[in-house]
Q: 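Dropping the structure in here first, questions after.
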There are 2 protein chains.
Amino acid sequence: MTRFALTIEYDGRPFMGWQRQKHGASVQAAIEAAAAAMTGEAVVVHAAGRTDAGVHARGMRAHLDIARPVTAFRLMEALNALLRPAPVAILDCVTVPDDFHARFSCLARHYEYHIVNRRAPPTWEKGLAWHVARPLDAAAMAAGAVHLVGRHDFTTFRSAHCQADSPLRTLDRLDVVQSGDRIVVSASARSFLHHQVRSMVGCLALVGEGRWTPDDMRAALEARDRDALGLNAPPDGLYFMAADYPAD
Amino acid sequence: MTRFALTIEYDGRPFMGWQRQKHGASVQAAIEAAAAAMTGEAVVVHAAGRTDAGVHARGMRAHLDIARPVTAFRLMEALNALLRPAPVAILDCVTVPDDFHARFSCLARHYEYHIVNRRAPPTWEKGLAWHVARPLDAAAMAAGAVHLVGRHDFTTFRSAHCQADSPLRTLDRLDVVQSGDRIVVSASARSFLHHQVRSMVGCLALVGEGRWTPDDMRAALEARDRDALGLNAPPDGLYFMAADYPAD
């Protein structure tokens with residue numbers, strides 16, 4: 001058995017999400033099917049994060065075990081060939097020690113959320129960014145974001161379906177950067193609650209529109225109540241960018 | 001009659017190109033149909049450049065005349081609403097003097113060509129960038145590009161179907177910039193010959209692969225012969241970025 005770590009890019013639009021489902025396409029099932037077709041083995045792929053339907057990845061990390069002798073490069077090439085035409089690409093593949101686990105060894109996860117802020121709808125970015133037609137004040141959003149950084153109870157920003165034991169998370173970074181008609185929110189933490197990034201971004205958009213003050217972000221956080229959530233941003237703009245591991 | 005100037009973004013994938021065709025969808029026909037639906041007038045839209053099938057635009061400029069009284073903002077909003085679900089968006093709309101002509105008043109045109117240079121195929125950028133799997137040397141490409149800047153006879157880099165009177169063009173800029181697995185070629189000129197940018201980029205890719213030296217770009221240019229062309233890059237990676245006018 002050799003353990004391989006993958007770096008994966010995918011377009012989330014045609015998928016029900018990362019995780020294998022009984023009904024509907026998933027990124028996990030697509031990669032597992034490609035690996036099984038190549039090796040003849042029943043392969044399970046474990047990812048750093050289980051993204052929701054419509055969420056994308058530029059640098060998802062995952063691992064899988066293969067018994068048959070194969071080099072990392074050959075595995076990457078075969079997976080990419082067999083994954084076509086699904087919009088999933090293996091960007092990198094390396095052998096890792098048997099105790100490496102894409103989910104449990106992960107030290108930090110990095111997301112970006114892309115907003116197209118203009119009157120006109122997106123064209124090629126349809127489904128790849130959140131279109132907000134009303135003008136957003138990115139400086140106010142950045143001021144609001146500051147309140148969420150640090151170790152907090154994020155119950156307000158947590159999906160009702162979240163399975164985590166605790167609502168406590170340490171948010172290491174929540175930056176808001178504007179460039180032309182694009183606003184990118186970058187979020188980093190060891191781990192996130194279900195829907196946490198989308199819920200934080202949804203509320204930041206309310207701040208950007210002027211419907212909330214930056215201080216309302218703190219009030220929402222301190223409420224520790226899902227009912228205090230202003231808005232959950234759609235999956236379209238969310239990208240899993242990278243995951244950090246001890247060996248990196 | 002009021003003349004309006006439009007700034008247009010479009011995804012070229014579903015279109016036969018900018019120009020109205022007897023058979024097949026075009027960006028021009030889509031905008032003309034939207035304008036006609038709004039005004040009841042037979043509207044003709046003139047663009048700064050006629051992009052080929054599969055070529056995109058982030059900032060195409062165009063103009064049209066409308067008899068019915070309408071504000072520029074209202075026109076933009078109506079066109080965007082009527083264009084759905086076509087991937088064409090009017091980013092800006094302003095009134096201009098009657099002697100403004102999107103094509104003939106244009107002082108400079110700016111293109112970008114995007115290459116994804118990695119083993120793995122693109123995912124959401126399929127059709128939005130040229131995938132080159134072999135490693136490209138961007139520094140060599142930049143060295144080759146220098147030979148094309150200036151006033152030259154670009155016959156080598158001109159389509160057999162080019163209708164321009166002269167093959168002489170002044171290329172003001174041909175930059176090659178690498179960022180991660182992306183290489184962007186930026187080209188600026190008052191005007192370009194048909195297929196000129198794609199032909200220049202195709203040959204630069206040969207330089208990047210090491211099959212041509214940077215000096216081979218000069219030799220190809222000096223040959224003034226379409227048979228000296230090494231490679232025509234596909235439309236996928238080409239974007240019409242912007243056009244300059246005296247009033248800007």
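Order of the sequence lines sets the chain letters (A, B, ...), proteins ahead of strands, with each chain counted from 1. Worth saying up front: this structure is predicted, and the values here are computed from it rather than measured.
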Q: Pairs under 3.5 angstrom only: tabulate donor-acceptor contacts from the side chains of residues 83-98 of chain B to other protein residues two or more places apart or in another chain.
A:
none

Q: Just to be sure I understand the criterion: a residue of residues 22-49 of chain A counts if one of its heavy atoms is under 4.5 Å from a heavy atom of chain B. Which ones qualify?
A: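 Not one residue of residues 22-49 of chain A has a heavy atom under 4.5 Å from chain B.
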
Q: Output every pair passing side chain to side chain donor-acceptor pair (under 3.5 Å) with a member in residues 124-140 of chain B, not counting sequence neighbours, ordered by first then second residue.
A: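 Only Glu125(B)-Arg182(B) qualify under side chain to side chain donor-acceptor pair (under 3.5 Å).
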
Q: Listing request: all salt bridge (charged side-chain N to carboxylate O under 4.0 Å, His left out) pairs with a residue in residues 53-62 of chain B, at least two apart in sequence or in separate chains.
A: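 Output for this query lists Arg61(B)-Asp248(B).
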
Q: With a 4.5 angstrom heavy-atom cut-off, which part of Ala133(B) approaches chain A: side chain, backbone, both or neither?
A: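 It is neither, since no heavy atom gets under 4.5 Å.
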
Q: Chain B: which of Arg13(A), Glu77(A), His56(A) shares the most heavy-atom pairs with it under 4.5 Å?
A: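 The option with the most such pairs is Glu77(A).
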
Q: Quick one: which of Leu128(B), Asp181(B), Thr123(B) has the most heavy-atom pairs under 4.5 Å with chain A, could you say?
A: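 Heavy-atom pairs under 4.5 Å are most numerous for Thr123(B).
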
